[in-house]
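Have a look at the structure that comes next, please.
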Amino acid sequence: MPLELTKYPVIAKSISFKAGLKHIIQDVSLVLEKNEFAGMIGGSGSGKTTLLTCLSGIRDLSGGRLVLNGIPGKEKDKFRSLIGYVPQDDIVHKTLSVERALYYSFLLRVGDDMEREKIDYAVNKVLYHLDLTEHRNKKISSLSGGQRKRVNIGVELLHSPPLFFLDEPTAGLDPGLERQLMKMLAKMARQDRVIVLTTHLMQNVRLFDVLVFVHKGRMIYCGPSEHVTAYFKVHDLVELFEKISRIDPERLQGAFLRSEVYRAFLAPRLNACANV
């Protein structure tokens, strides 16, 4: 039976992460609602992948508080079944067929005492939703980059996680495949999930309900994707990257915390979760 999500399944309050003495992520607070598709953007080395692993509970925080579906981030064993995480690199064995890779992955999660019919049903369902049915008997090594990405997503999707985190899932895809995958993920988010992904590609950011901009470890924007260019007073996101490269990230973070976008979008969510 699917896990029931709270209204605010992802709550981060002043979270930070340090590697040695260096802050990689510093003082990030955000709240995501059920059924939201959230994207994290930022330049190379901005800390967006580190922030993704912090939000998913994979990485231990240096400071702050994470709550996933009402469960404190320190109680990882209690929320592991909530989480699906797809890293940039392939997590499947390329010598297996698509069907076998999904079958064995599911078996590792549920054990061998589940009925074969139930396993087959779960695998067939994922193959269908990811448009991989016609490729089920092909070796993963023979698939295109976009098809392999979908198999990697399928491995995590098998247990139907309500909180789904993906690191650069569209990297290396041509524009058509990227848009197809992004639209599929946006649709999946509407099915009682929260989906969060990192990306460096700007073509389809308007598909996100929430856009999180990370610059040198600080969150400098968190709000509706359609408002980001107006907020930064630029024509497009390429111009935005050029503009912020010359500005101190702490200054940009402070400006966001004083902005109307913060007051209208993020502050009410944080206030609603004040006692969490």
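Bear in mind that the values here come from a model prediction, so they are computed numbers and not experimental data. Sequential numbering from 1 along the given sequence is applied to the chain's residues.
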Point-to-point distance, once rounded to the nearest 0.5 Å, from CE of Met188 to OG of Ser160: 8.5 Å

Exercise: do Arg179 and Asn204 side chains pair donor with acceptor under 3.5 Å: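 Yes, a side-chain donor-acceptor pair sits under 3.5 Å.
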
Donor-acceptor under 3.5 Å (Arg150 side chain, Leu132 main chain):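 Here the side-chain-to-backbone pair does not exist.
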
Leu32 with Val276, same ILVMFWY side-chain cluster at under 4.5 Å: yes

Ring geometry between Phe256 and Tyr231 (parallel below 30°, tilted from 30 to 60°, perpendicular above 60°): perpendicular

Distance, nearest 0.5 Å, that separates CG of Asp131 from CG of Leu181: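 Atom-to-atom, Asp131:CG and Leu181:CG are 11.5 Å apart.
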
His215 side-chain N/O to Leu252 backbone N/O, donor-acceptor pair under 3.5 Å: no

Asp209 side chain vs Ala38 backbone, donor-acceptor pair below 3.5 Å: no

Backbone of Val31 reached by a side-chain donor or acceptor of Arg269 within 3.5 Å: yes

Arg258 (side chain) donor-acceptor with Gly254 (main chain) under 3.5 angstrom: yes

Under 3.5 Å: donor-acceptor pair, side chain of Asn69, backbone of Pro9: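 Not a single qualifying donor-acceptor pair exists.
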
Side chain proximity check, Leu66 to Ile11, heavy atoms < 4.5 angstrom: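 SC-SC contact between Leu66 and Ile11 ruled out.
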
Flag, side chain of Lys94 to backbone of Lys139, donor-acceptor distance under 3.5 Å: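 Between the backbone of Lys139 and the side chain of Lys94 there is no qualifying donor-acceptor contact (under 3.5 Å).
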
Whether Glu36 side chain and Val194 backbone form a donor-acceptor pair below 3.5 Å: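 Side chain of Glu36 to backbone of Val194: no pair is present.
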
Between Ser97 and Asn137, a side-chain donor and acceptor under 3.5 Å: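 Result is no, nothing qualifies.
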
Euclidean distance, Leu240 CG relative to Lys233 NZ, rounded to 0.5 Å: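 Rounded to the nearest 0.5 Å, the NZ-CG separation comes to 12.0 Å.
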
Pair Asp27-Ser16, side-chain donor/acceptor within less than 3.5 Å: no

Within one Ile-Leu-Val-Met-Phe-Trp-Tyr cluster: Ile247 and Leu237, side-chain cutoff 4.5 Å: yes

Between Phe213 and Phe241, ring centroids under 6.0 Å: yes

Donor-acceptor under 3.5 Å (Gln26 side chain, His23 main chain): no

Arg218/Asp248 ion pair, N-O < 4.0 Å: no

Salt bridge (Lys or Arg N to Asp or Glu O under 4.0 Å) between Lys76 and Asp60, worked out: CA-CA 10 Å; Lys76 291 186 178 183; Asp60 292 330; 2.7 Å; yes

Polar side-chain atom of Thr198 near backbone of Glu168 as donor-acceptor pair, under 3.5 Å: yes

